[in-house]
Amino acid sequence: MPVDATLPYDDQNIFAKILRGEIPNKTVYEDEWALAFHDINPQAPTHILVIPKGAYVSWDDFSARAGDAEIAGFVRAVGKVARDAGHVNPGYRLLANTGPDSHQEVPHLHVHIFAGRPLGPMLAR
Ligand code: AMP
């Protein structure tokens, strides 16, 4: 079910459980600010999720409340994951669903990295 990105943070969401080590994940990268892991239901040959370590519901919540160091650390982590996986050329796509119209399903900010084939138009027509 799509989530309301304006709700308070729910620490029982699945990515909070992954951050606490309660649910396994296929980790790609981890640092002080971010955890990156493979999506359980990949939509492209490479489909990685990058999440901040802090408790933020969505991109809206993160961009409004996170500190400068957290934002810098998270953005650099997203770039590093894609770069280290060799996706700068031929390219990759970032996506951060926010709120019901976007079909956000997990209420902890996550940036999708899609890569590994020509990804086509930005949105389904
Ligand atoms: P969104 O629709 O943007 O909220 O995307 C949520 C994503 O989380 C989907 O692509 C799911 O396949 C993915 N997902 C859900 N549960 C897990 C999990 N336990 N491990 C990895 N990815 C997950």
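Read the numbers this way: they start at 1 and go in the same order the structure lists the ligands and their atoms.
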Proximity to ligand 1 by part of [X], non-hydrogen separation under 4.0 Å:
X    : answer
H38  : backbone
I40  : both
L49  : side chain
H112 : side chain

So with a 6.0 Å cut-off around NZ of K53, is the heavy-atom count from everything else above 12?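 Enclosed.
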
At the 4.0 Å heavy-atom cut-off, does H110 count as touching ligand 1?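 Judged by the 4.0 Å heavy-atom criterion, H110 does count as contacting ligand 1.
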
Starting from atom 10 (O) of ligand 1, which protein heavy atom do you reach first, and at what distance in Å?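 Residue, atom and distance for the closest contact: D39 OD2, 2.5 Å.
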
Which residue owns the protein heavy atom closest to atom 2 (O) of ligand 1, what's the atom, and how far is it?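 Here the closest protein heavy atom is H103 O, 3.1 Å.
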
Return a yes/no value for N97: is any of its N or O atoms, backbone included, closer than 3.5 angstrom to an N or O of ligand 1?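 Yes, at least one N or O pair falls under 3.5 Å.
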
May I ask you to check whether V106 has an N/O atom sitting below 3.5 Å from an N/O atom of ligand 1?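 Yes; at least one N/O pair falls below 3.5 Å.
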
For residues 40-51, which residue pairs pass the side chain to side chain donor-acceptor pair (under 3.5 Å) check, not counting sequence neighbours?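 Counting only pairs at least two positions apart or across chains, the side chain to side chain donor-acceptor pair (under 3.5 Å) contacts touching residues 40-51 are D39-H47, T46-H87, H47-H112.
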
For the backbone of V106 and the side chain of Q104, can you confirm whether one donor and one acceptor N or O come within less than 3.5 Å of each other?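 Yes.
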
So, H108 side chain and P52 main chain: donor-acceptor pair closer than 3.5 Å or not?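 Looks like yes, one N/O pair under 3.5 Å.
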
Work out which heavy atom in F74 is nearest to a heavy atom in A34; give both atom names and the distance.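 Closest approach of F74 to A34, heavy atoms only: CD1-CB, 4.0 Å.
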
Result of checking H110, R65, E70 against Y56 for side chain to side chain donor-acceptor pair (under 3.5 Å):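 Of the listed options, the one satisfying the test is E70.
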
Quick check for you: to the nearest 0.5 Å, what is the distance between I14 atom CD1 and I40 atom CD1?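 Reported to 0.5 Å precision, the distance equals 7.0 Å.
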
